[in-house]
Amino acid sequence: MSNQVIIFDTTLRDGEQALSASLTVKEKLKIAFALERLGVDIMEVGFPISSPGDFESVQTIAKEIKNSRVCALSRALPKDIDAAAQALKVADAFRIHTFISTSTIHVENKLKRGFEDVLEMGVNAVKYARQFTDDVEFSCEDAGRTPIDNLCRMVEEAIKAGATTVNIPDTVGYTIPSEFGGIIQTLFNRVPNIDKAVIAVHCHDDLGMSVANSITAVENGARQIECTMNGIGERAGNCSLEEVAMILATRQKKMGFTTNINPVEISRTSQLVSQICNMPIQSNKAIVGANAFSHSSGIHQDGVLKSQNTYEIITPESVGISTNKLNLTSRSGRHVIQHRMQELGYLDSDYDLDALYESFLELADRKGQVFDYDLEALMFFNQVAGEPEYYKLENIDVLSGSGKIATATVTMTIGDNNKITEAATGNGPIDAAYQCLLRISGLDINMDTYKISAKGEGKDALGQVDIVATYKDQRFHGLGLSTDIIESSARAMVHVMNHIHLAKAVADQKKQRHHSEP
Ligand code: KIV
Ligand code: ZN
């Protein structure tokens, strides 16, 4: 048996499923490119039957991604498999992933069927999917709670029907490592044709066991781990890609497994996913948390200064975090910025140098010194929010203070040159600015969540505002970044407005296409 562990990323399917606002095709494509550079073997990028938007993103990604295999999810139903095959067929090779629940709890209470029915549906789905591709994955949903005899039968029959990968999910994150490892071991002992397929695992983190369960499964014969960047996913999330990749790399001598993951891409990919998905990373998160490499106690600091390996088992550089902090000023030219970005590991194609330089100069004028983390924050911000702006914030003035009614005056341009100024009061300066923006745009937007966080260090940090807002039953994520938190707040709302404008334009285009079809 090979010692290569296949990394199957499901950030854009299981991860995306859990977000408060769904991602645009462009946002998903940016993440897909980052995952490809990271070296994931397979990326599951959507559930095409679930919505036209999902179908379109699967199709777009399948067209663009060349170095990872693209996969789409389908229930064990012909119409789902047809949709997955239709969306994926633009790729040279692709995987169809089909699944059905096998646990008694799911079979009886959710599917209202018997196990024999489910077995037949699973087998038929695999056979049906094999018409479109020779790379078919079958998942026994809630395998962690499935009676072992049923699980063995299901796995054997799925392989007989043509599944090339069989996935054993701990869908509800219920098992503990010895138990989950035991399930995998039993499958290897009892399923006669088990060597004809790759055994995969897909663990959720409800009890914080997803990584431990996945690693134990590999020790017992599984050779594919399904995971997501930063562990995002349903409820408590999925197994973290960065954690399993770094466990297998750091403990390679002890465990003997390899993956195709390029660790220096981890930090960048993690940041991008966090920004685009509006999912902050807890600061003590292994590998990618802000504190993952910072030493607080005097004894630890002293040890690390004497020899890094006293308290560090992985270096920050090995996961792509630069510790060389160069500061730039408004006198730094474009080529200095480009050179610094290269040193930080970014390709020229990762960002728009003109846009980055423009925002760098603006920031350098305000802050004096610009640090690496500022540059990266600006780049991520431009990637997420830097689309062509239909609504453009021109100016914002606020008047507020203790015991005063907050007043804002905002000027915004709509379209090419429709410049409008409005003044409004509010229960605080941000509310007053939002009243102005809503009046100018005439959009009926409801704010669901507002979050402010510091990007960078100390009192110099940039203020990032993330909001989720609803417009006509659709939710949008808006991002604003500035040295001034009222301006960041306004920018986040303007970003939402631009998202709404884009969504309307796409819907209008679709309508027109529909009317012009014969
Ligand atoms: O958690 C789960 O069981 C899933 C399946 C669709 C693989 O996400
Ligand atoms: Zn899942």
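Atoms within each ligand, like the ligands themselves, are counted from 1 in listed order.
Ion pairing between Glu120 and Arg113 fails under the 4.0 Å rule for side-chain N and carboxylate O.
With 3.5 Å as the limit, one finds a donor-acceptor pair spanning the side chains of Asp205 and Ser210. No hydrogens or angles considered: a donor-acceptor pair under 3.5 Å links the side chains of Thr258 and Gln4. Side-chain N/O atoms of Glu226 and Asn238 include no donor and acceptor closer than 3.5 Å. Asp135 and Thr133 share no side-chain donor-acceptor pair at under 3.5 Å. In the model, Tyr450 has a side-chain atom that pairs as donor or acceptor with a side-chain atom of Ser489 under 3.5 Å. Under the 3.5 Å distance criterion, with hydrogens and angles disregarded, no donor-acceptor pair is assigned to the side chains of Ser274 and Asn230.
Of the candidates Asp170, Thr171, Val172, it is Thr171 that places a heavy atom closest to atom 3 (O) of ligand 1.
Of the polar atoms of Asn167, none of the N or O atoms is found under 3.5 Å from an N or O of ligand 1, judged by distance alone. Every N/O-N/O distance between His97 and ligand 1 stays at or above 3.5 Å. Taking distance alone, with nitrogen or oxygen atoms compared against 3.5 Å, Asp142 stays at or beyond that limit from ligand 1. Checked against a 3.5 angstrom limit, the closest N/O atoms of Glu141 and ligand 1 fall outside it.
Atoms of ligand 1 lying under 4.0 Å from at least one heavy atom of Pro169, given by number and element, are 3 (O).
The nearest protein atom to atom 4 (C) of ligand 1, hydrogens excluded, is given as His202 NE2, 3.4 Å; this is a heavy-atom distance. Here the heavy atom of the protein found nearest to atom 5 (C) of ligand 1 is Arg13 NH2, 4.0 Å.
Residue-level proximity to ligand 1 for Asp14 is carried by the side chain, the only part with a heavy atom below 4.0 angstrom. Under 4.0 angstrom from ligand 1, there are no non-hydrogen atoms of Arg75. The part of His204 lying near ligand 1 is the side chain, judged by heavy-atom distances below 4.0 Å.
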Report task. Go through the steps to decide whether Asp466 and His477 satisfy the test side chain to side chain donor-acceptor pair (under 3.5 Å), and finish with yes or no. Result -> CA-CA 7 Å; Asp466 286 276; His477 168 216; 2.7 Å; yes

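When NE2 of His202 and OD2 of Asp14 are joined through the Zn ion (ligand 2), the resulting angle is 90° to the nearest 10°.
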